[in-house]
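What follows is a set of notes on a single structure, which appears directly below.
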Amino acid sequence: MADKSDEEGKGGFLDKVKDFIQDIGEKIEETVGFGKPTADVTDTHIPKINLERADIVIDVLIKNPNPIPIPLIDINYLIESDGRKLISGLIPDAGTIHAHGSETVKIPVCLIYDDIKNTYEDIQPGSIIPYKVKVDLIVDVPVLGRITIPLEKTGEIPIPFKPEIDIDKIRFDKFSFEETVATLHLKLGNKNDFDLGLNDLDYEVWLCGVSIGGAELEKSANIEKNGFCYVDVPITFRPKDCGSALWDMIRGKGTGYSMKGNINVDTPFGAMKLPISKEGGTTKLKKNKEDGEEEEDDDEVRSED
């Protein structure tokens, strides 16, 4: 009986100590004014996006109502699409939130498209997929202890598709052996589910493996989603450097060409720099019917696939 009384006495004493500590904590909280911090995802933006990856930055605004700074211990994040994980991670020791202040914490995330497409075969280039960002902020508040603040934000992100390019025709503006000035009538195709606003492009053209030059220029055009547009670009070259390729084309023989470069475009998701290329194209001089007869148009060359 004595042992039982001792145990009950010890238990009662410990309970009183716990109650006392809790009471002291509540008094301190009431006096000093400790409270739970609040947080919100204020923005998500894409500073860089191309065919390989998308860099996403998540802005989280955290407000600290307490009279002392509080440490942001960990940030856990998860990005998913239709319940499927795209990427997750942990950012430890993410900083300190000033007393009676607020801080915007930026969470950088990198989505590698090959990883996504290899994991989920139904996610195709050119599509727009929905995503949900889940963030858990873990902060340490005096008296209150560690607190987890869960946050969510939804949005959409594109999986860009490489634009298509063809030389529809070549118009000769000035022809001489030393210098020829021509205009390339380009066809740009967009297989994405979003518009591309063309700002500028750079390119280089080869005839039968021989470079005939290229240029960088500003050019504005809108390429509608799953559509195409035509763009005229100039080119200057020396026919004597082209060997037999140019003469084969003028005599009506098919001449192989290729083209490579980049276009800078605006999209609903931000600016993108996308590569353009065409391999295995063919150009030849076409004949136009005029007054019932066929004549060669010496000023224009059309392309065939």
Side-chain angles (χ1 to χ4, degrees), residues 35-65 70-97 101-141 144-162 190-197 224-226 265-274:
K36 293 182 180 180
T38 59
D40 185 36
V41 178
T42 57
D43 192 18
T44 57
H45 45 100
I46 306 174
K48 181 179 180 181
I49 185 170
N50 52 39
L51 295 181
E52 290 79 33
R53 57 186 280 181
D55 292 337
I56 303 174
V57 177
I58 307 162
D59 291 344
V60 178
L61 178 63
I62 308 173
K63 296 181 179 180
N64 176 19
I70 59 172
L72 180 54
I73 299 174
D74 289 324
I75 299 176
N76 291 300
Y77 64 85
L78 166 69
I79 298 182
E80 61 182 23
S81 178
D82 293 329
R84 299 180 297 184
K85 173 185 170 183
L86 301 181
I87 192 171
S88 63
L90 167 69
I91 302 176
D93 302 324
T96 301
I97 313 303
S102 61
E103 297 285 340
T104 296
V105 177
K106 296 184 179 295
I107 305 173
V109 179
C110 179
L111 290 180
I112 306 298
Y113 289 130
D114 279 347
D115 293 343
I116 296 173
K117 290 180 287 188
N118 291 338
T119 305
Y120 308 113
E121 294 181 354
D122 59 311
I123 297 180
Q124 297 296 320
S127 61
I128 301 173
I129 61 172
Y131 73 84
K132 178 185 289 186
V133 177
K134 295 182 178 180
V135 177
D136 285 338
L137 303 176
I138 303 175
V139 296
D140 193 355
V141 181
L144 301 181
R146 291 195 175 191
I147 296 173
T148 298
I149 307 172
L151 304 170
E152 287 189 3
K153 183 81 170 181
T154 59
E156 291 182 326
I157 191 168
I159 311 294
F161 194 93
K162 179 182 176 181
N190 175 18
K191 288 191 173 183
N192 292 286
D193 289 337
F194 51 90
D195 292 358
L196 300 177
E224 294 184 354
K225 64 179 182 179
N226 297 305
V265 297
D266 289 327
T267 76
F269 309 95
M272 298 186 194
K273 184 174 184 177
L274 301 174

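Partner of L86 under the side-chain contact (heavy atoms from CB on, under 4.5 Å) criterion, out of I112, V109, I129: I129 alone. Partner of V105 under the side-chain contact (heavy atoms from CB on, under 4.5 Å) criterion, chosen from L137, I75, D59: I75. If you run side-chain hydrogen bond (donor to acceptor under 3.5 Å, both in side chains) between N226 and each of D193, N192, D195, only D193 comes through.
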query: Are K191 and Q124 close enough, and set up right, to give a side chain to side chain contact (heavy atoms under 4.5 Å, CB included), and what steps lead you there?
result: CA-CA 11 Å; K191 288 191 173 183; Q124 297 296 320; over 6 Å; no
message: Could you walk me through whether V135 and I107 satisfy the side chain to side chain contact (heavy atoms under 4.5 Å, CB included) test, starting with their C-alpha distance in whole Å, then the side-chain angles of each, then the deciding distance to 0.1 Å, before giving a yes or no?
response: CA-CA 9 Å; V135 177; I107 305 173; 3.9 Å; yes
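Summarising the geometry, atom CD1 belonging to I56 is positioned 3.5 Å from atom CD1 belonging to I157; distances are rounded to the nearest 0.5 Å. Note that CG of L90 is 5.0 Å distant from CG of D74, once rounded to the nearest 0.5 Å. Separating the CG atom in D136 from the CG atom in L151 is a distance of 8.0 Å, to the nearest 0.5 Å. A distance of 8.0 Å separates OH in Y77 from CD1 in I58, rounded to the nearest 0.5 Å. The structure places CG of L61 at 9.0 Å from CD1 of I97, a figure rounded to the nearest 0.5 Å. Here the straight-line distance linking atom CG of L111 with atom CD1 of I116 works out to 4.5 Å at 0.5 Å rounding.
Across every non-hydrogen atom of F194 and G126, the tightest pair is CE2-O, 4.4 Å. Taking each heavy atom of C110 and I87 in turn, the nearest pair found is O-CD1, 3.0 Å. Closest non-hydrogen pair, K48 versus N50, comes out as CE-ND2, 3.8 Å. Annotation for I73 and R146: closest pair CD1-NE, 3.4 Å, computed over non-hydrogen atoms. Of all heavy-atom pairs between P47 and D55, the closest is CD-O, 3.0 Å. Nearest heavy-atom pair, P130 versus S81, reported as atom, atom and distance to 0.1 Å: O-OG, 2.6 Å.
Checked by atom type and distance alone, the side chain of S127 never pairs as donor or acceptor with a backbone atom of I123 at under 3.5 Å. Between the Y120 side chain and the K85 main chain, a donor and an acceptor come within less than 3.5 Å of each other.
At least one side-chain heavy atom of I70 sits less than 4.5 Å from a side-chain heavy atom of P37. Taking 4.5 Å as the limit, some side-chain heavy atom of P158 sits within range of a side-chain heavy atom of M272.
Evaluation of the side-chain hydrogen bond (donor to acceptor under 3.5 Å, both in side chains) rule for K225 yields no partner, not counting sequence neighbours. Scored by the salt bridge (charged side-chain N to carboxylate O under 4.0 Å, His left out) test, E152 finds K132 as partners (sequence neighbours excluded). Every residue two or more places apart in sequence or in another chain was checked for a ring pair (Phe, Tyr, Trp, His ring centres under 6.0 Å) with Y113, and none qualifies.
Side-chain contact check for T44 and Y131: at least one donor-acceptor pair (N or O, by modelled atom type) lies under 3.5 Å.
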